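To start, the structure itself, in structure tokens.
Nothing here was measured: the structure is a model prediction, and the numbers come from that model. Within every chain, numbering begins at 1; the chains are lettered A, B, ... in the order of the sequence lines, protein sequences first and strands thereafter. Hydrogens, waters and symmetry mates play no part in the numbers below; they use all other heavy atoms, side chains included.
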Number of protein chains: 2
Amino acid sequence: MKEGPDISRIAALIGDPARANILTALMSGKALTATELAGEAGVTLQTASAHLGKLEAAEMIHCRKSGRHKYFTLGGDDVGHALEALMGLAAGAGHLRTRTGPKDAALREARVCYNHLAGEKGIALFQGMLSRGFVSETDEDVILTDTGAKFLISFGVDLKALKRNKTPLCRPCLDWSARRTHLAGSVGRALLTQMQEMGWANRIEGTRVVKFTSKGEAAFQQEFGT
Amino acid sequence: MKEGPDISRIAALIGDPARANILTALMSGKALTATELAGEAGVTLQTASAHLGKLEAAEMIHCRKSGRHKYFTLGGDDVGHALEALMGLAAGAGHLRTRTGPKDAALREARVCYNHLAGEKGIALFQGMLSRGFVSETDEDVILTDTGAKFLISFGVDLKALKRNKTPLCRPCLDWSARRTHLAGSVGRALLTQMQEMGWANRIEGTRVVKFTSKGEAAFQQEFGT
DNA sequence: TCAATGCTTCGGCTACGGTCGAAGTATGAA
DNA sequence: TTCATACTTCGACCGTAGCCGAAGCATTGA
């Protein structure tokens with residue numbers, strides 16, 4: 001009765017607390033070194049090294065060597081998507097809802113999901129782009145319209161560079177906190193980068209929280225608000 | 001750095017081969033007894049009982065007692081969704097692609113996902129309903145249009161009964177084999193049921209495969225084809 | 001009441017995998 | 001060259017969790 005692919009291998013990898021912490025940390029989209037990840041996971045370097053080896057063998061993370069450092073990133077959008085789906089389960093069905101601290105509220109408002117904007121702000125961004133006709137949604141795919149392409153260029157995004165990349169321009173991504181879609185894909189990533197470049201928002205170091213400046217808040221409302 | 005919900009508990013549950021088999025078996029949507037699931041998982045009844053207890057405690061499955069039998073079903077659409085996401089990962093990144101037998105081809109063509117139609121037929125159904133204006137897709141949600149409601153009633157679906165249910169009428173569901181969206185939710189379930197009632201298709205006992213009759217194939221093309 | 005079936009609980013065995021200390025390799029800086 | 005940093009490999013320890021045999025409930029039917 002072995003139907004479909006073997007879930008258990010993948011799930012078992014995520015099932016270890018140390019590895020789950022590593023993956024969660026990488027959801028921030030930042031490339032982290034083995035030592036940093038060991039700290040995140042709360043284990044020694046040797047142990048983390050073993051975990052990282054397994055995760056890499058399963059292609060759940062990628063690794064780039066740079067000098068004597070090894071920088072790790074998530075394996076791809078699929079991995080991020082599956083992790084978010086699990087977070088949704090854990091948040092909903094999860095019996096013990098760990099205290100909803102102030103950090104959680106900030107996470108719900110605006111955070112980074114793998115490498116693009118998520119949370120309320122992420123949803124607002126997607127809605128704004130939909131209502132302005134920058135993107136259109138059909139079936140599962142999200143398509144960038146001509147209007148949207150022009151907007152992106154005027155917004156300072158190097159669209160040609162994105163098109164050279166093999167990853168899809170736009171992808172929908174489901175949010176675990178609000179259970180609504182926001183924009184992933186290379187356009188999603190580029191938009192977040194650009195917002196940071198323009199000083200609209202900053203990443204809080206060591207967390208997934210994205211903090212908008214008051215100037216950025218106003219500009220966001222202007223560009224994407226309803 | 002504990003951000004977001006705790007993935008590892010849930011993932012560890014899915015990570016055990018026996019439990020993964022149980023969950024995969026339940027993806028068929030059928031309610032199965034403890035003994036049947038023990039067979040699916042390849043373990044003895046005692047072991048299965050322990051597993052089922054854990055899965056139920058985590059609200060990943062539900063259980064209904066009937067006489068001296070206990071019937072188990074998946075805990076909800078979220079669970080099915082997360083499982084499909086994991087299958088997508090396992091199928092894509094999975095190093096060892098277990099032989100793609102003839103059964104796999106049938107699964108790709110038409111199968112049951114939790115309780116609604118998936119595979120190529122599932123995608124075609126959703127596309128057909130979209131192009132006919134029976135449903136419209138906005139953001140994450142899929143909405144049943146007035147035209148769609150009329151169609152459902154004429155198709156033999158008791159729409160009023162569905163509306164009394166608290167589960168959403170329409171939900172998108174991502175497919176692991178084709179990576180495209182198909183229709184879940186109570187309408188998705190009702191449509192599959194109705195197709196079986198009308199003799200369009202049959203379930204192959206003990207698998208997730210849905211086999212369309214030649215008559216059903218033609219009728220499907222007529223109603224939903226492009 | 002007795003027997004049969006379906007499931008649960010208990011106890012003990014086993015093995016797999018996570019963990020860390022210590023030693024080993026590679027890269028870069030002084 | 002020598003030292004420091006970043007990571008890997010090895011080996012051993014230990015805990016947890018899966019597994020099954022056997023016995024225990026519970027429901028049904030005769």
Return the value, rounded to whole Å, for the distance between atom [atom1] of [X] and atom [atom2] of [N].
{"X": "A:Ile61", "N": "D:dC7", "atom1": "CD1", "atom2": "P", "value": "12 Å"}
{"X": "B:Tyr71", "N": "C:dC7", "atom1": "OH", "atom2": "C1'", "value": "13 Å"}
{"X": "B:His69", "N": "D:dT27", "atom1": "NE2", "atom2": "C1'", "value": "10 Å"}
{"X": "B:Glu56", "N": "C:dT8", "atom1": "CD", "atom2": "C1'", "value": "13 Å"}
{"X": "A:Phe72", "N": "D:dT8", "atom1": "CZ", "atom2": "C1'", "value": "11 Å"}
{"X": "B:Glu36", "N": "C:dG6", "atom1": "CD", "atom2": "C1'", "value": "12 Å"}

Quick one: pull up OG1 in B:Thr47 and CZ in B:Arg19 and give me the separation to the nearest 0.5 Å. 11.5 Å
Who pairs with B:Thr33 by side chain to side chain donor-acceptor pair (under 3.5 Å), at least two apart in sequence or on another chain? B:Glu36
State which residues pass side chain to side chain donor-acceptor pair (under 3.5 Å) with B:Gln46; sequence neighbours excluded, sorted by chain then number. B:Thr44
Using a cut-off of strictly less than 4.0 Å, decide whether A:Lys70 has a side-chain nitrogen or oxygen near OP1 or OP2 of D:dT8. yes
Holding to side chain to side chain contact (heavy atoms under 4.5 Å, CB included), I want the full list of residues that pass it with [X], two or more places apart in sequence or in another chain.
{"X": "A:Asn202", "result": "A:Thr213"}
{"X": "A:Ala48", "result": "A:Ala38, A:Val43"}
{"X": "B:Ala34", "result": "B:Leu45, B:Leu52, B:Phe72"}

Could you run down the sub-3.5 Å N/O contacts of the protein with nucleotides 28-30 of chain C?
none

If the condition is salt bridge (charged side-chain N to carboxylate O under 4.0 Å, His left out), which residues does A:Glu217 pass it with, not counting sequence neighbours? A:Lys121
Contact pattern, 5' to 3', of nucleotides 17-23 of chain C - B, S or - by protein heavy atom under 4.0 Å: -SSBBB-
Got a sec, which residues hit ring pair (Phe, Tyr, Trp, His ring centres under 6.0 Å) with A:Phe220, two or more places apart in sequence or on another chain? A:Phe212, A:Phe224
